[in-house]
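Beneath this line is the structure, given in structure tokens, with notes to follow.
Bear in mind that the values here come from a model prediction, so they are computed numbers and not experimental data.
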Amino acid sequence: MFNRDQYINSPIEIENELLFLLKKDQVKSVFDIGACEAEDSIRYSLLFPNATIYAFEPRTDNIAIGKESIKKYERKNIVLENIALSNANGVAEFFLSEGRPQDAGNEEWDFGNKSSSLLPPSEEMKKHTSWLKFDKRIEVQTLRLQDYVSSKSISEIDFAHIDVQGAELMVLEGAGDFLNKIKLIWMEVEAVELYRNQPLKNDMEEFMKKNNFVNVLDTVNAVAGDQLYVNTSYFEPTSIKAFKKTFKTQTLKAKIRSFFKK
């Protein structure tokens, strides 16, 4: 039975990649944007014990669960903010997701609360997740990333995980000039329009390239996935090349092992 504790205690999807690029004990600032119930925030706080984890989540029900988990795991290095980072300061409409797939069985996992967005769902969304419902809307506080870091006197971000359901570009736009002070960005990217008028893979890649980021890992399939970007202001071409060579080889080995297990 899959549950929250099992997830928190499982390896981070890109743990090896992060430890290759960053010096674990020197990581000071991690941003978990779209933190949901703060499960990933806790995992990052465990991986980078000397860092402060800034977690942003607009849903108050998720915030309440996140606080309980943070207390349970005694993670004192997490700052949990009930804010939606965006490209403007103010108040915005937020579309709440709910639901549970029929084949979920008895898993103790809230499948439905992880797709809420500042953007309304599209008709394409229904084709891929017919069980997911968006019947409720709330108003949430929005804030630009650039203004947040300024208020906290944060000089740079070692790693940012952005999972905001189609609104990733809005978060990046809200970073303004501070975008140049983010070393690594791991974010969700869609190949099809799951949310109305959202930027797609090509749009995100063009934006990141213009801002001197290089895509070093891509898991986007025909629908969605994630991309890891490194800031060329912090990483030399030789280290980027070494990263790509190392993890291309590891991916190939994983595929070979998977083949022989069939």
With a 4.5 Å heavy-atom cut-off, do [X] and [Y] have their side chains touching?
{"X": "Leu22", "Y": "Phe48", "answer": "yes"}
{"X": "Ile240", "Y": "Val230", "answer": "yes"}
{"X": "Leu85", "Y": "Arg144", "answer": "no"}
{"X": "Tyr195", "Y": "Ser122", "answer": "no"}
{"X": "Asn89", "Y": "Asp147", "answer": "yes"}
{"X": "Ile185", "Y": "Phe213", "answer": "yes"}
{"X": "Val189", "Y": "Leu200", "answer": "no"}

Legend entry - Cation-pi, Tyr7 ring and Arg43 (6.0 angstrom, 45 degrees):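 Yes.
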Inset, instruction - Check whether any side-chain N or O of Asn50 sits under 3.5 Å from a backbone N or O of Asp25 as a donor-acceptor pair, and report yes or no. - result: yes
Inset, instruction - Look only at the side chain of Asn231 and the backbone of Ile182, and say whether a donor-acceptor pair between them is shorter than 3.5 Å. - result: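 Yes; judged by distance alone, with no hydrogens or angles, the pair exists.
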So, are [X] and [Y] salt-bridged, with charged N and O less than 4.0 Å apart?
{"X": "Lys72", "Y": "Asp5", "result": "yes"}
{"X": "Glu98", "Y": "Lys133", "result": "no"}
{"X": "Lys126", "Y": "Glu123", "result": "yes"}
{"X": "Lys183", "Y": "Glu156", "result": "yes"}
{"X": "Glu205", "Y": "Lys209", "result": "no"}

Inset, instruction - Over 60° means perpendicular and under 30° means parallel, so classify the ring planes of Phe20 and Phe247, tilted if in between. - result: perpendicular
Inset, instruction - Using the salt bridge (charged side-chain N to carboxylate O under 4.0 Å, His left out) rule, take Asp218 and Lys201 through it: C-alpha gap first, then chi angles, then the decisive distance, then the call. - result: CA-CA 10 Å; Asp218 191 334; Lys201 182 179 178 181; 3.1 Å; yes
Inset, instruction - Would you check, one step at a time, whether the test side chain to side chain contact (heavy atoms under 4.5 Å, CB included) holds for Ile33 with Asp163? - result: CA-CA 6 Å; Ile33 304 169; Asp163 186 355; over 6 Å; no
